[in-house]
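A short worksheet on the structure shown next.
Note on naming: letters A, B, ... go to the chains in the order of the sequence lines (proteins, then strands), and numbering restarts at 1 for each one.
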Protein chains: 2
Amino acid sequence: MVDDEPQILRAMRINLRARDYEVDVAADGGTALRAAAARPPDLVVLDLGLPDMEGAEVIRGLRGWTTVPIIVLSGRADSADKVAALDAGADDYVTKPFGVDELLARIRAVTRRIGATTDATPVVKVGAFTVDLSARTVDPPDGGGEVRLTPTEWHLLEILLRNPGKLVSQRQLLQDVWGPQYQTETNYLRQYMAQLRRKLEADPGHPRHLLTEPGMGYRFQP
Amino acid sequence: MVDDEPQILRAMRINLRARDYEVDVAADGGTALRAAAARPPDLVVLDLGLPDMEGAEVIRGLRGWTTVPIIVLSGRADSADKVAALDAGADDYVTKPFGVDELLARIRAVTRRIGATTDATPVVKVGAFTVDLSARTVDPPDGGGEVRLTPTEWHLLEILLRNPGKLVSQRQLLQDVWGPQYQTETNYLRQYMAQLRRKLEADPGHPRHLLTEPGMGYRFQP
DNA sequence: GCCGATCTTGACACTATCGCTACGAGTTAT
DNA sequence: ATAACTCGTAGCGATAGTGTCAAGATCGGC
């Protein structure tokens, strides 16, 4: 739970603890990101209007490496704020003032979704490489130095790997990685798919696992 | 999209269609449940306060057999209503009046989550081939090399496969695949049906599943 | 305030797919 | 029996889509 007002933090913490949730708190964005990295949470409740960072920045800071559900609290009911937060990766957006029971219900709603879908296979083999989605590591076969991927490369690869064998449309990839206003910028996809293939395919010119379906999208073939 | 006010239905439908969503509408709970069963949607936007059923009843009616994402719209901001709807199985709850862009952002947020986890895989057998419409794959019987189809071929095949055993008229196929101004260009159909048969029929000269109904249209025979 | 890494953006061949025309075979109507 | 029609097949140029290279813009760390 991230909020800059100590009394709200206290109140929510008590409320949540009473329902048997374990609660870690942070008062600003930087602290929150470090705490989340140190002890990955199952859910983030994030108040906007933090002293040190823009709200969308915090969300992107989390989304760069985790798919943890994020519920945003905010005093601003402005539509543009909501859209920005949701498109940055938030799962829900609650406007203050809100009832505690409503927040609890929304927490149940998002965790119900996620809990049912936590498949216990965060490690995938892409050809000879071993990709660990939760640890964010890519290991080559001979145990040598590991392959480094940029945040955008991770984001793109993760979507494909979470849909093994399935075709993922260009629109969906662009929308999930870059946002809804980039749905036609297919050159981004070409650019980053090429980089992924250079790093993960034995023969980048003839990919065997990161496949193109012309005119439709891309597919990860296990 | 379920709403009892025709003008809201119309407005939303236009808005969503402009974003390339396919929209089916229903004006009451019973119609909605039947329509969802007949043609399972990828997302349900449900207005509360329907004439025939309680909102939570509709949600439970859907949740009984599908995990499709449900976004609830409501004029009532009462906390108890929100909790009831969310706990009945709704994924999000938006209070009227709301901005269209906010609803669109919430639609993106829930589909972003679900898109990766939807497991209802409708697989159809065309002779010895196994066609997975959601994964966009065609597998031959011996597990060997896979069959590749172009976007137009997929589009055409999908319409036929979604109407198993039924005759689909040439006009309808042409309109759905190429657009309303191509309703008489039957040569396109001949062209692409021949390609599909070459790829999916054991003896393309004597098709057993992709059948021609002379003068009328085509039919997929399971 | 500088520097390296990462993200954008533009440009250009190359290829597969598409839209379209044409023609023979089979079928139905007259 | 002949004509009119529909269907299957082949072939072609045009074009949209893709892979690739390169360079500018932006961000973050030291």
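Annotation: proximity of residues 210-222 of chain A to DNA chain D (heavy atom, distance under 4.0 Å) is found for Thr212(A), Glu213(A), Pro214(A), Gly215(A), Tyr218(A), numbered in ascending order.
When distances run from any side-chain atom of Pro151(A) to the nucleotides dT9(C), dT6(C), dC21(D), the shortest one goes to dT6(C). Comparing atom distances between the Thr150(B) side chain and each of dC7(C), dT17(C), dA10(D) picks out dT17(C) as nearest.
Residue Gln181(B) contributes atom CD, which lies 13 Å from atom C1' of dG19(C) at whole-angstrom precision. We find that OH of Tyr188(A) is positioned 17 Å from P of dG19(D), with the value rounded to whole Å.
When only modelled atom types and interatomic distance are considered, Arg219(B) and Gln221(B) share a side-chain donor-acceptor pair under 3.5 Å. Residues Asp132(A) and Ser134(A) have side chains that bring a donor and an acceptor to within less than 3.5 angstrom of each other.
Surrounding CG of Asp42(A) are at most 12 heavy atoms belonging to other residues, nucleotides or ligands under 6.0 Å away.
For dA5(C), the OP1/OP2 oxygens have no side-chain nitrogen or oxygen of Arg148(A) closer than 4.0 Å. Contact annotation: Tyr192(A) reaches the phosphate of dC7(C) (side-chain N/O to OP1 or OP2, under 4.0 Å). Checking the phosphate oxygens (OP1, OP2) of dT8(C), a side-chain nitrogen or oxygen of Trp178(A) falls inside 4.0 Å.
The pair Asp92(B)-Arg108(B) does not count as a salt bridge, with every side-chain nitrogen at least 4.0 angstrom from each carboxylate oxygen.
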I'd like a table of atom pairs between the protein and nucleotides 24-30 of chain C - only N or O on both sides, under 3.5 Å - with the distance next to each one.
none

Review item, nucleotides 23-30 of chain D N/O atoms under 3.5 Å of protein N/O:
none

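Nearest-nucleotide mapping onto DNA chain C: of Gln195(A) and Arg190(A), the residue sitting toward the 5' end is Gln195(A).
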